[in-house]
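Every chain is numbered from 1 and lettered A, B, ... according to where its sequence line falls, protein lines coming before strand lines. Model, not experiment: these values are computed from the prediction.
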There are 2 protein chains.
Amino acid sequence: MTTLTEVARHAGVTPATVSNVLRNRGKVGAATRERVLASVEALGYRPNLTARALAEGRGPTLALMVSSIANPFYPEFALEAERAARKRGHFLLVCNTDDDSNVGSAYLDRIAGTLSQGVLVMNADLHFDDLIKTQRRGASVVLCMWERPDDPPGLSCIAVDFRQAGRLAARHLLELGHRRIGAIVGSAPNGVQAIRYVGLVDALAQVDASLPAKLEQETRFVEDDVEGGYAAAMDLLDASPDLTAIFVSNDFPALGVLHAAADRGLRVPEDLSVIGITDIHWARLSRPALTTVAVPTAQAAEMAVELVLELIHDTPKEPTTWIAGEPQLVVRKSTGPAPSRG
Amino acid sequence: MTTLTEVARHAGVTPATVSNVLRNRGKVGAATRERVLASVEALGYRPNLTARALAEGRGPTLALMVSSIANPFYPEFALEAERAARKRGHFLLVCNTDDDSNVGSAYLDRIAGTLSQGVLVMNADLHFDDLIKTQRRGASVVLCMWERPDDPPGLSCIAVDFRQAGRLAARHLLELGHRRIGAIVGSAPNGVQAIRYVGLVDALAQVDASLPAKLEQETRFVEDDVEGGYAAAMDLLDASPDLTAIFVSNDFPALGVLHAAADRGLRVPEDLSVIGITDIHWARLSRPALTTVAVPTAQAAEMAVELVLELIHDTPKEPTTWIAGEPQLVVRKSTGPAPSRG
DNA sequence: CTGAAAGCGCTAACAC
DNA sequence: GTGTTAGCGCTTTCAG
């Protein structure tokens, strides 16, 4: 491996000058500059990023903490995050916590502050304490998809207004004439996705103050996956066969609801409308294609990278919250007018 | 940040001793050992991985090159690769090439040999030359899913017998009585997935020597995604409405075929059987659930990590090929007996 | 068994 | 403008 020093020797200058040429730092004479560049070329020199990181006190990698990169929403985010990082000369380390906070903890313990100066947090199964501790070690951390812009956490974050997403989904259903609406939420009643449900309640109350109370019987809090949505829909449809629409707080369980409807012989959207939130790639590929509320994933990823880099540059005393763009309704084929009941 | 030296001072020993304790190197007296550990604990010391990497001459990160981590097969592989790496004290850098060989090239140029001593290659849009060059720079590279165990490339790789996968898929169709079989291949005729098609031809020829010739008219080479499969199926079904089964070289396009069948009013599997290869997570979630030939993804990922680590340890003159386990038929709901035509 | 010393490859003051 | 000099934090001979 060729080193900076070798290039310097080859060009007849000192390492410092080569470094200056490469970083466009300091002022270097055009002549020496050319000479150095020629040597770099001739020797096929490439800077050693590890050495540079050590000297600069911070490396070029960002850590992305997810519960499992195979969880289908994360790759879409990771792709954008990696691109954003790359555009800024950084690299992305993918850290699966395997839904185990100990693994997450250990990860932070090992890499934060040395290998990665910046940590992007996507999943919830990390203890807040660990993140705070991580910050004290000198790393910057940003929560990538905080669901409540109005209620910032104690950490820097990119916030997306999921309450509004819930409202948009609900209004769409309401405008189609649905009043018998069930809800499936992909988290615990006090979990992350609960705020989307609050959005639903908002919209319902606006139309008819009595609706939210009824809704409670027709809500299920479940695992945030296809199977969870399937089971909840079956259950809901058993309990309330007259539902004409199901609001689902996330696209995966919504896909499960589509399956449940099919297995029950219910036509979507003629007999039952289904709406999700997020607009994952697969939403457009389901049968029928899923109507959903798109969330600005790519933008959030880019903002997260930008914010964490800024925080690394200089860490403010107070956590920073950046708010990503508004959710957008995406009408596809899984929602339609409420059937008129004989 | 606490450093090794600080720990040493605190414990009243030299940095070397602390290092020895931490790495379980050399022999350290039980007493000093205790003292050092106590100091590590007291100061909350964590080794600086960057410094260690520089001193050791190789870092703890492995690079995973993919065209796009959002391409749904990769995350499943990446998850396993990350786990395997983590188990061995390493970290995984995800590098998207964005289907652009220049991006891939630049990636290798920047990180290989310094940030990452090991490179796992999943995608094909990297020039072989670049990989060879990468090796000369001191990095180890392994191709993660080479499709032809019998025909090793010029690089170390994990091979999976995709020809056999093709055979298994074909035999399943044949055993169900299908003779009018169409094929959809998710790559160019001379592309990566072509060998799966060869497996199909093998099996067909074994049953009836005249079958392969007919098959040629009923084969489409397309983009390796849902849309590609959809369009090809539509085309195929137009050209040969009497097909009773479609062999698809990959699960994504197979999912598209399912959609095409639905849009044509064809019942699967009553009217048309569909089989894929790979067994991605979504295969079990389609309607009907996709019959497919499972490929040992997790095993290949683990082997790839192990091999690359071994190659880093000491690089043999000749490339190494490790062969992963056999593909396995997974029968679900998209295949059934060939309909008897009136 | 423990200490001293050199060095990994690069950057960043500060001189010249 | 360019060279000199110290490190960054750790590992690793080699002495003692």
Between [X] ([atom1]) and [N] ([atom2]), how many Å, whole number?
| X | N | atom1 | atom2 | result |
| --- | --- | --- | --- | --- |
| A:Asn48 | C:dG7 | CG | C1' | 14 Å |
| B:Glu6 | D:dC10 | CD | C1' | 13 Å |
| A:Arg110 | D:dC10 | CZ | P | 14 Å |
| B:Leu54 | C:dC10 | CG | P | 9 Å |
| B:Asn20 | D:dT12 | CG | C1' | 9 Å |
| A:Leu22 | C:dG9 | CG | P | 16 Å |
| A:Arg9 | D:dG3 | CZ | P | 14 Å |
| A:Arg58 | C:dT11 | CZ | C1' | 11 Å |

>> Check whether B:Ser68 reaches the backbone of B:Ala70 with its side chain - one donor and one acceptor, N or O, closer than 3.5 Å.
In response: yes
Looking at the side chain of [X], which of [options] is the nearest nucleotide?
| X | options | result |
| --- | --- | --- |
| B:Glu56 | C:dG9, D:dT11, C:dA4 | D:dT11 |
| A:Val28 | D:dT2, D:dC10, C:dC10 | D:dT2 |
| A:Pro15 | C:dA4, D:dC8, C:dT11 | C:dT11 |
| A:Thr3 | C:dA13, C:dC10, D:dC10 | C:dC10 |
| B:Leu4 | C:dC10, C:dA4, D:dT11 | D:dT11 |

> Can B:Asp109 and B:Lys133 be counted as an ion pair, charged N to O under 4.0 angstrom?
Replying inline: no
Which is true for [X] with a 4.0 Å heavy-atom rule: it touches a base, it touches only sugar-phosphate, or it touches nothing?
| X | answer |
| --- | --- |
| B:Gly29 | sugar-phosphate |
| A:Thr32 | sugar-phosphate |
| A:Val13 | sugar-phosphate |

> Is the CZ atom of B:Arg83 crowded by more than 12 outside heavy atoms at less than 6.0 Å?
Replying inline: yes
>> B:Glu302 vs B:Arg88, test: side-chain contact (heavy atoms from CB on, under 4.5 Å). Steps then yes/no.
In response: CA-CA 10 Å; B:Glu302 177 136 25; B:Arg88 294 163 175 79; 3.2 Å; yes
Quick check on [N]: is either OP1 or OP2 less than 4.0 Å from any side-chain nitrogen or oxygen of [X]?
| X | N | value |
| --- | --- | --- |
| B:Thr5 | D:dC10 | no |
| A:Arg23 | C:dT11 | yes |
| A:Thr14 | D:dT2 | no |
| B:Ser19 | D:dC10 | no |

>> If you compare all heavy atoms of B:Tyr107 against all heavy atoms of B:Asn96, which two are closest, and at what distance to 0.1 Å?
In response: CE1-O, 3.6 Å
>> Whether the A:Thr61 and A:Ser116 side chains hold a donor-acceptor pair (N or O, under 3.5 Å, no angle test) is what I'd like checked.
In response: yes
> DNA chain C: A:Arg52 or B:Ala31, which has the more 5' nearest nucleotide?
Replying inline: B:Ala31
